[in-house]
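Ligands are counted one by one from 1 in listed order, and the atoms in each one are counted from 1 as well.
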Amino acid sequence: METLRVGLLGLGTVGGGAARLLLDEPDRIARRAGRPVRLTAVAVRDPHKPRSIDLAGVELTGDAHAVVADPAIDVIVETIGGTTAARALVLEALAAGKHVVTANKALLAEHGPEIFAKARAAGRAVAFEASVGGGVPIVQALAVALAANQIQSLAAILNGTCNYILTRMTGEGLSYAAALAGAQRLGYAESDPTLDVDGTDTAHKLAILVQLAFETSVKPGQIARQGIDRLELADLTYAGELGYAVKLLALAKLTPAGLDLRVAPTLVKRGAPLAEVRGPYNAIRVVGDSVGDAFFHGRGAGAAPTASAVVGDLIDVATGRAQASSRVASLWADAAPARPLAPPSKIKSRYYLRFTIADQPGVLGRIAQVLGDLGISIASVIQHDSGDDAPDSSPVPLVIMTHHAIQADLEAAIALIDRLDAVHASTVRIGVED
Ligand code: NAP
Ligand code: HSE
C-alpha cells in the first residue's frame, strides 16, 4: 500500500519524541498501520540548532508553511504549541487537503469550532489524542469505547507539571520553585509554565473532554479556574493531617441545574485512586450511565508518552479510522453550549477552610455563628495550641472542614467572616472531592 508521508512541525519534547518513535520503529508502525508511515519533513524555528536526533533522509527546514504546502506530504503533525502560528498552519494544512494530528490543547480549546468546521468542509481528519492526558488514551476512550454512555461525571488530574510539583512538595518537602524547575527540566511544563500552574492548561484539557463527554462547547474562560500557584505549604500540611492529599482537579458533573465545571486544587481522601496519583502521571475517573465507574491512569507529560499518542493517531490516519470517525463525529459543530452551566447557587461541595484569626476568646464562636446563619454545618475543627506565652492578638490558623454546603452560601459567609476585626487575612477555601 501507499506510504503515508508525514510533515512534522516542531521538534521539541513532543515533536522530538514522535520523530524518534517513527524513525526507531518503522516496521512495527507499518504492520499496525497496514502501510509504511514515513517522516518526510520536519519544520523547526531554528534549523541550525544542534539536535540530539539523527534525521538522516528527512528534510529539516525553518519554513513550516513550505512543509504544509508540500504536495508530497499527506498529514501534518503540529507540535509547535501556542495559538497563533499553530492556528494558521493547521488551517492552511486542512485547506491544502492534509489530515492533521495535533498535541495542542490550547489551540483546540480556543479555536475548536473554526478548526473542525474547516476540517469538515475539507473532508479531512483532525486527531488529537496527545492533547489530553499525554499517553493516557482518554480521547479514544470517550469518543469510541465509551460512546454508548451518557457520561455523568469526570474527575481528573490533567496536568503533569502540577501533579509533579505537588508530589515533590508533599513527599520530599521540596520548595515550589525547585519542583517547578524540575518539571521544566524534564520537559513536562509548557514553554510558559504559568499556563500549567495557574490552571489554564487543565481548563483547556477539560474543555476538550467536555466536548467529547457532553457534546458541549465551552470556552476555557467559562470554566471556574484556580491553579496551584497560590497554594500555601500550610494547607498541604493541614490536609495531610486530616487524611487528605491536595490535587489540582478538573471536575465536570452533570447536575439537574446544568454542567458543574471547575478546575481547582481539591482535597482528595488518601487511599482514593486520584489521591495516589504521583509525579507527572495523569488520571481520569469517568462515570457513565452504562459502564459505571472507570479509571484511566498513565504518564501525562513528557516525550515518550506523548509520542505514543501522536503516533497512535498517525496509525489511525493511515488505516482510515480517523477519517471514518471524523465523518460522523460532530465535534465543536455548534459553538453554543448544548447544556447550560450550573450557577454557584446550585453547586454543592464540602469545603476545607483556613482562617487566620486573633487567638482571643469568642472568635471561633463568631465564625461558627456566621457559618450556621448561612446553613453551613461544621464537620471538624483544628486549632493547634499556640501556648500561653503567645500574645492574644497574634494571628493563628484555624482550620474547619464543613459538611456539604452551597457554593454561593459559602462565598457569602467568607465575605462576612473576612470583615471581622479578629480575622487577619483572607480565608483560604479548598473544595473536597469525596
Ligand atoms: P517545545 O519543547 O517548546 O517544542 C516546540 C517546538 O516547536 C520546537 O522544536 C520549536 O523549534 C518549534 N517551533 C516553535 N515555533 C515554530 C514555528 N513558528 N515554526 C516551526 N517550528 C516552531 O514544546 P513541547 O513541550 O514539545 O509542546 C508542543 C505542543 O505539545 C504544545 O502545544 C504543548 O501544549 C503540547 N503538549 C506538550 C506535552 C509535553 O509533555 N511537553 C504533552 C502533551 C502536549 P526550535 O526547536 O527550533 O525552537
Ligand atoms: N504541560 C503539560 C503538563 C504537558 O504538564 O501536563 C502535557 O499536556
| task | For the residue pair T194 and D192, confirm or rule out a side-chain donor-acceptor distance under 3.5 Å. | result | yes
| task | Would you check if there is a donor-acceptor pair between the side chains of H297 and E276 at a distance under 3.5 Å? | result | no
Which atoms of ligand 1 sit under 4.0 Å from any heavy atom of [X]?
X    : result
K49  : 45 (P), 46 (O), 47 (O), 48 (O)
L11  : 6 (C), 8 (C), 9 (O)
D46  : 47 (O)
E190 : 33 (C), 34 (O)
G10  : 6 (C), 7 (O), 9 (O), 12 (C)
N104 : 32 (O)

Ligand 1 versus [X]: contacting region, heavy-atom distance under 4.0 Å:
X    : answer
V14  : both
A130 : backbone
R51  : side chain

Identify the protein heavy atom lying closest to [atom], giving its residue, its atom name and the separation to 0.1 Å.
atom                    : answer
atom 5 (C) of ligand 1  : T79 O, 3.8 Å
atom 44 (C) of ligand 1 : A103 O, 3.3 Å
atom 32 (O) of ligand 1 : G81 CA, 3.2 Å
atom 11 (O) of ligand 1 : R45 N, 3.1 Å

| What class does the angle between the rings of F128 and F116 fall in, given that below 30° is parallel, 30 to 60° is tilted and above 60° is perpendicular? | perpendicular
| Which of these, T13, T84, L8, D63, has its nearest heavy atom closest to atom 2 (O) of ligand 1? | T13
| query | For the side chain of N282 and the backbone of G298, is there at least one donor-acceptor N/O pair under 3.5 Å apart? | reply | no
| Donor-acceptor contact present, side-chain R35 to main-chain E2, <3.5 Å | yes
| query | Does ligand 1 have any atom sitting under 4.0 Å from a heavy atom of A43? | reply | yes
N/O separation below 3.5 Å, [X] to ligand 1:
X    : result
G300 : no
S191 : no
G187 : yes
G12  : yes
K105 : yes
G302 : yes

| said: Residues around ligand 2, heavy atom under 4.0 Å from any ligand atom, sorted by chain and number. Can you pull those? | reply: K105, L158, N159, G160, T161, Y188, A189, E190, D196, D201, K205, G300, A301
| Who are the ring pair (Phe, Tyr, Trp, His ring centres under 6.0 Å) partners of Y164, not counting sequence neighbours? | Y188
| Carboxylate-amine/guanidinium proximity below 4.0 Å for D260 and K346 |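 K346 and D260: not salt-bridged.
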| Any protein heavy atom lying closer than 4.0 Å to atom 23 (O) of ligand 1? | no
| request: Give me the one residue out of H204, E110, E190 that meets side-chain hydrogen bond (donor to acceptor under 3.5 Å, both in side chains) with K105. | output: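 By the side-chain hydrogen bond (donor to acceptor under 3.5 Å, both in side chains) criterion, K105 pairs with just one of H204, E110, E190: E190.
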